[in-house]
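Notes follow once the structure below has been shown.
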Amino acid sequence: MTGNPEASKTVPGNKDASETGFSMFLERHPWISFAFVLVCVLPEILYSSQLKLLWHDELFTYYIAKAPTLSTLIFQTQTLDLNPPLYYLLVRGLFYVLPNTPTVCRIPSMAGFVLSMGCLYSWTRKRFGVPWGVVGVLVLATCADIQYSLEARPYGLVLGFVSLAFVGWQSATDQRGKLLPGLVLVVVGGFGALLSHVFAIFAWMALVLAEGVRIRIRREFSWPVVIALLFPFLATAMYVPLIRTHAASYYPAAFQASIFGLGPYYIGLLGSPLMSLIWVVILTGLFVEKPVIQPGDQLPLTNAELTALLGLFFVPAILILYLANAHGAFFERYGMVSNIAVAALLSSAGGWLTRGRSAVAWLAALVLFVASPLPGGMILLSAHPGMLSLSFQHQPVCQACELVKRVSSTLPLVDASGLTYLEMDSREDSEFLTRVYYLTDPVASIRYAHANIFEGMAREKEVFPIRANIQGYESFVQQHSNFLVFGTYDYPEDWLLRKLQADGAHLSLLGTVDDPQFKDSQLWRVELDVHAGQK
C-alpha cells in the first residue's frame, strides 16, 4: 500500500511519438471516447435483453412492480421477494410511461451498469489519461458478470450506486476535490445501493473501512464525510422483515456457500481480464517500442482508495464465508461489485507500470474489445435494427409443450421445478396452462431436496396473475394416477421425481428436449396406484 496521502495525483505521462494532435484532442474532450465505448456496449446489452425472456426471479420483479397499490408493493417485497423496494419502484414508474416489456423492466439495471462505467471512466482517466480510462471501462463491460446488467434484478443498480458513492467519497476526501458535490454523491449512492439489495451493505462497509484508514493516516477527522457515510445506514431498517423471512428458507447442499467455492469464483472473475492482459504483453513486445514497463515512483492511489478497492474485491469472499456459516446459498451475482475493483485495479496497475503510456493502453483496449462479444452484438443489431424497439417481444416455441401435446392431449403436466413452472405460466396460452400443475409438500421437499423455497407457491398464486394450477402432492396423486412430469431427476432443488419413485411410481422417460428457455429437459410419464401418496 502506498503511504503518501497525495498519491492520487496523475502518473506523469510518458508521451509517445504517436501522441499528436488527435491524442491531445481526445484528452481535451475525454467524454468522446466514453461515448464511443458506450455506443459499442449498448447494442450488445440491448440485443441480449431482447432475446432473453423474463426468468423466475425477474418475473417476481415484474409482478411486484405491477402491484395494485404502493403499500401492497412494499409488503410483497418484504414477504415474497425479500429485497428492498427501490428497483420495483423504478420499474413501476417506467411502466406508467413505457411499454410493459422485459426490456423496460430491465432498464434500471442497465442504467446502473452504464452509471458504473461512467464513474469508473471519470476516476481512471483523471489518473492516467483517456486511453487507460477506456481500458478500465472495457474491463468492466466485458467481465463475466455483464449478463446481470440486463436482468430485471437489483445487481446492476447496486453496481452503479456503489460506483457513484466511491467517486463521490474520493472527491470529498481529495484535497483538490469538491466537498459538497462529493458528499451528495456519497449519500445518494449509499441510499441507492442499500435500498436496492441487502448484500450491498458489505460493499458499503468497504467504504466505511476505507474512511477509517484515511482518518488514521491523515489524522484528519471530517464530520461531513463521516456523517455522509453513516447516514445511508438508516435504509437498513427495512432489512428486518426480509432477514426474518429469509431465515426460514432452506437450500440444497449443492447450492449452499462453501469455502471451497472461493477459488473457482475468483478464477472466473479474473480469468478473462488476465487472459487479455497476457495477449497485451505479447503484442506490446512485438509492436510497441521498448522499454514498455517503466513503473512510476509510486502507485497513484491513496491508502484509503486502495483499501476501498480491495474491500470491494473481497466482498464475494466475505459473503461466501458469511453464508457458509449461515448455510445460505451463494450465487455469483451477489458479489458483482468486485468487478468495480478488478477494473479499477487492473487499469491503475497498467497505467502505473507504463507511466500512462497511451500506445500500450490503446492496444489493451483493442484486445479487450476484439476478444469480447461486443463486435458481434454490433453486427447483429445493425442487421436487425428493429430489435431496438422497447416493444419487441421474443417468443420462442416451447419444445417441451409441443412434446406434451404430441404425447397426450389430456394428461396433466406437472412441472417439477418452481423455476420452470412460473416461467412456463408466463409464456404459454391459458388453454394449455389448464393442464399444468406445481405440487407442494413441505415434508417431502425437505426430505428429498433439503429445500423449501418453492413451498410458498400457493401464496404467490393468490397475489400474482398465475394461471396454472397449484395443488398439494397427496391430493393430486389421489386424483391422478397417470400424468406427465417435466423435470430433471438429479437437480438438487427438485424433489418430486425422487418422491414419486420412493412411493413406488413407475417412471418412463419419454424424451429429452434441448430448450434453453427452461432449466429442465426431461419429460417423464408417471404411473402409480391410488395409494402411492399415502407412503
Side-chain angles (χ1 to χ4, degrees), residues 41-70 72-117 145-161 192-193 195-198 200 331 333-334 336 377 381 386-396 398 418-428 460-461 463-467 516-519:
V41 171
L42 282 179
E44 170 65 18
I45 293 178
L46 290 172
Y47 179 75
S48 300
S49 176
Q50 299 286 31
L51 291 181
K52 185 179 179 181
L53 299 169
L54 291 174
W55 72 288
H56 176 276
D57 288 15
E58 291 182 297
L59 287 168
F60 270 65
T61 301
Y62 182 86
Y63 292 146
I64 292 175
K66 294 173 71 68
T69 65
L70 286 177
T72 302
L73 182 151
I74 299 297
F75 178 75
Q76 290 179 0
T77 63
Q78 295 176 339
T79 57
L80 297 179
D81 207 12
L82 309 186
N83 278 321
L86 181 58
Y87 196 97
Y88 312 91
L89 293 172
L90 292 175
V91 174
R92 186 183 186 88
L94 289 172
F95 280 172
Y96 280 120
V97 295
L98 296 172
N100 295 182
T101 61
T103 297
V104 171
C105 200
R106 292 166 177 149
I107 284 178
S109 197
M110 297 180 192
F113 192 77
V114 170
L115 175 61
S116 182
M117 290 170 56
D145 292 336
I146 190 176
Q147 58 181 313
Y148 303 123
S149 69
L150 50 89
E151 284 199 352
R153 302 299 287 167
Y155 309 108
L157 207 57
V158 170
L159 199 72
F161 280 124
L195 286 174
S196 296
H197 199 278
V198 172
F331 301 101
R333 54 189 181 270
Y334 293 169
M336 191 172 173
L381 196 57
M387 294 185 64
L388 284 172
S389 170
L390 295 177
S391 300
F392 179 85
Q393 295 273 14
H394 177 57
Q395 294 292 345
C398 171
L419 298 173
T420 299
Y421 170 81
L422 197 62
E423 292 162 11
M424 185 177 289
D425 176 83
S426 71
R427 300 167 190 172
E428 300 307 311
E460 293 158 15
K461 182 175 172 60
V463 296
F464 293 162
I466 297 175
R467 297 164 293 163
Q517 66 173 306
F518 299 121
K519 79 162 189 65

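By convention here, the first residue in the shown sequence is residue 1. These numbers come from a predicted model, not from an experiment.
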Side-chain heavy atoms of [X] within contact of [Y], under 4.5 Å:
| X | Y | value |
| --- | --- | --- |
| Leu53 | Pro396 | yes |
| Phe161 | Leu195 | no |
| Asn83 | Tyr88 | yes |

(request) Report yes or no: do Arg153 and Thr61 form a side-chain donor-acceptor pair below 3.5 Å? (result)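 Side-chain D/A pair, Arg153 to Thr61: present.
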(message) Assess, by modelled atom type and distance only, whether the side chains of Gln76 and Thr72 contain a donor and an acceptor separated by less than 3.5 Å.
(response)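 No, no side-chain donor-acceptor contact under 3.5 Å.
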(message) Determine whether Glu151 and Lys52 satisfy the following criterion, salt bridge (Lys or Arg N to Asp or Glu O under 4.0 Å), listing intermediate values before the conclusion.
(response) CA-CA 9 Å; Glu151 284 199 352; Lys52 185 179 179 181; 2.8 Å; yes
(message) Nearest 0.5 Å, please: how far is CZ in Arg333 from CG in Leu159?
(response)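 The CZ atom of Arg333 is 15.0 Å from CG of Leu159, to the nearest 0.5 Å.
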(request) Look up atom CG in Leu80 and atom CD in Glu460, then write down how far apart they are to the nearest 0.5 Å. (result)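 The distance works out to 6.0 Å.
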With no hydrogens and no angle check, is any side-chain donor or acceptor of [X] less than 3.5 Å from a backbone partner on [Y]?
| X | Y | result |
| --- | --- | --- |
| Ser116 | Gly112 | no |
| Arg427 | Gln517 | yes |
| Ser196 | Tyr87 | no |

(request) With sequence neighbours excluded, tell me which residues meet ring pair (Phe, Tyr, Trp, His ring centres under 6.0 Å) with Phe60. (result) His56, Phe464
(message) Would you say CZ of Phe75 has more than 12 non-hydrogen atoms from neighbouring residues, nucleotides or ligands within 6.0 angstrom?
(response)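 No, CZ of Phe75 has 12 or fewer neighbouring heavy atoms, counting only those of other groups under 6.0 Å.
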(request) Could I get the full list of side chain to side chain donor-acceptor pair (under 3.5 Å) partners for Asp57, not counting sequence neighbours? (result) none
(request) For Leu94 and Pro108, work out which heavy atoms get closest and say how close. (result)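 Distance-wise, the nearest heavy atoms are CD1-CD, 3.7 Å.
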(message) Less than 4.0 angstrom from a charged side-chain N to a carboxylate O is my criterion; do Glu58 and Arg106 meet it?
(response)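 Salt bridge present between Glu58 and Arg106.
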(request) Take the angle between the ring planes of Tyr62 and Phe95 and call it parallel below 30°, perpendicular above 60°, tilted in between. (result) perpendicular
(request) Kindly state each residue pair satisfying salt bridge (charged side-chain N to carboxylate O under 4.0 Å, His left out) with at least one member in residues 90-99, sequence neighbours excluded. (result)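 As it turns out, there is no salt bridge (charged side-chain N to carboxylate O under 4.0 Å, His left out) pair with a partner in residues 90-99 once direct neighbours are skipped.
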